[in-house]
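Only one structure is covered here, and it is reproduced in the block below.
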2 protein chains.
Amino acid sequence: MPTKTQPAVRDEGPVPAYQRIKNHVIAQIQKGVWGEGDLIPTELMLCEQFGVSRMTAHRALRELTGAGLLVRQQGSGTYVAPIKIASTLIEIRSIAQDIRGRGHQHSCRVVSLQTVVASAEQSSRLGLRVRAKLFRSVIVHFENGTPIQLEDRVVDAARMPDYLDQDWSQLTPNEYLMHAAPAPTGYYSIEVKLPTADVAGALNVPSSEPCLVLERTTLSNGAFASHAVMWYPGSRYKLAGQIPI
Amino acid sequence: MPTKTQPAVRDEGPVPAYQRIKNHVIAQIQKGVWGEGDLIPTELMLCEQFGVSRMTAHRALRELTGAGLLVRQQGSGTYVAPIKIASTLIEIRSIAQDIRGRGHQHSCRVVSLQTVVASAEQSSRLGLRVRAKLFRSVIVHFENGTPIQLEDRVVDAARMPDYLDQDWSQLTPNEYLMHAAPAPTGYYSIEVKLPTADVAGALNVPSSEPCLVLERTTLSNGAFASHAVMWYPGSRYKLAGQIPI
DNA sequence: GAGTGGTCTAGACCACAAT
DNA sequence: TTGTGGTCTAGACCACTCC
């Protein structure tokens, strides 16, 4: 059955049933079909829809609950979690949804889009072929017109060949990735840095203002998907989330 | 049904079998019985030891793997994860283990230990009784003699009556909590702040140096356990971890 | 009482590693 | 070949919510 040509997303073998259900739920929320606070299908309905046992449907919903995407109430049902619970760190919702969830307006400005070749350092750190082709986007996100995040991202070009053709005013890179590389895992780090002149200019802060720098490498199905460096003005941002366990 | 007296640790009903196994594994790692890279018992051994089915033992190990505490290899076995994978954010390992894991020396200085009464604001934010009794500790942690974290913590006194009697040179508050309130969940936030004069003095940084401030509220078995504010010198620290999903 | 989620069992088949 | 983990089933009992 997996007899695709050279598709945008590599085929990593059969996808487990619980993962297919997770991807489906994530997609419905990403697409806005299921909104914040909405009641979603019960375990038994998902069992029928996907032809699985209840344990399997339950596992999918339990894991998404652990990730802060859903809220479950015994005797009542399963709901899309309110945004305040969603972890900004995982950013399974995008910064755009985050901002809109605060009732504010999101906009963005594309600073640059390029095709680049992985440096030796990148190749080894990210587990890429030497001189692998990457796409790089630099985008500033605004909340009510105030710059709130500078996002400098590279993605695997072989895996997402149409990355540069997206309309970033309609879709953030993160939202695009949720489709192209669903259910990511990976690593992050958070530190305080003074902005470079470019970053300070883009965020419209003095270069003396310390920034929160969130760096994140995401893998999907075990292979490199994306590396992002996100700069937030220290005076205007706070990262919050749920402790995962 | 909740008709208990006021015990040190509230009884929240029977603990699920998978949770008992998780607590056991966490405790073995915390106590150092199982060290980094060690092979731990197989699912079938845990099935026998705890008298559960394989699905239950598997769930416990899978969740701990998701939390970055274990690494599993099909065909081989389950191992304690290397420290670099352990999330500093969850701090399921303590800062002391973190520092020792880098091959450095950990020490600490107790700034203050007090009994305090929850303010109205704390009571509502943390879900406590009004004027609940709390213990507060303020401790500076050093890495090779350099101050690296100021930890300002309050815990529920009813739940941890012996909190103030601990020898903090032998055990960090976090390590104590891993015993008194195992397998915590909760919320965190991370932001950049300039230190107060007290904080700057304790960390031995100029009051112009921005700090990374990690605030964390932990619950155990659904009830408040601890609230901590941790200050890190921005120039000397980076938080890193795994993306949970 | 009917429906929901929370947990658990006792099997099963598979992919993979060690031997 | 044996043992490991990865997944999955078809039931079960329970606590809880809603009607």
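Partners of A:Glu143 under the salt bridge (charged side-chain N to carboxylate O under 4.0 Å, His left out) rule, at least two apart in sequence or in another chain, are A:Arg102. Residues passing the side-chain contact (heavy atoms from CB on, under 4.5 Å) test with B:Val116 are B:Gln114, B:Leu134, B:Arg136, sequence neighbours excluded. The salt bridge (charged side-chain N to carboxylate O under 4.0 Å, His left out) search around A:Arg54 returns A:Glu43, not counting sequence neighbours. For A:His58, there are no ring-ring contact (aromatic ring centres under 6.0 Å, His included) partners, not counting sequence neighbours. Partners of B:Arg62 under the salt bridge (charged side-chain N to carboxylate O under 4.0 Å, His left out) rule, at least two apart in sequence or in another chain, are A:Glu63.
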Reading nucleotides 1-11 of chain D from the 5' end, what letters show protein touch, with B for base, S for backbone sugar-phosphate only, - for no heavy atom under 4.0 Å?
--BBBBBBBB-
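Atom P of nucleotide C:dG3 and atom OH of A:Tyr79 are separated by 16 Å, given to the nearest angstrom.
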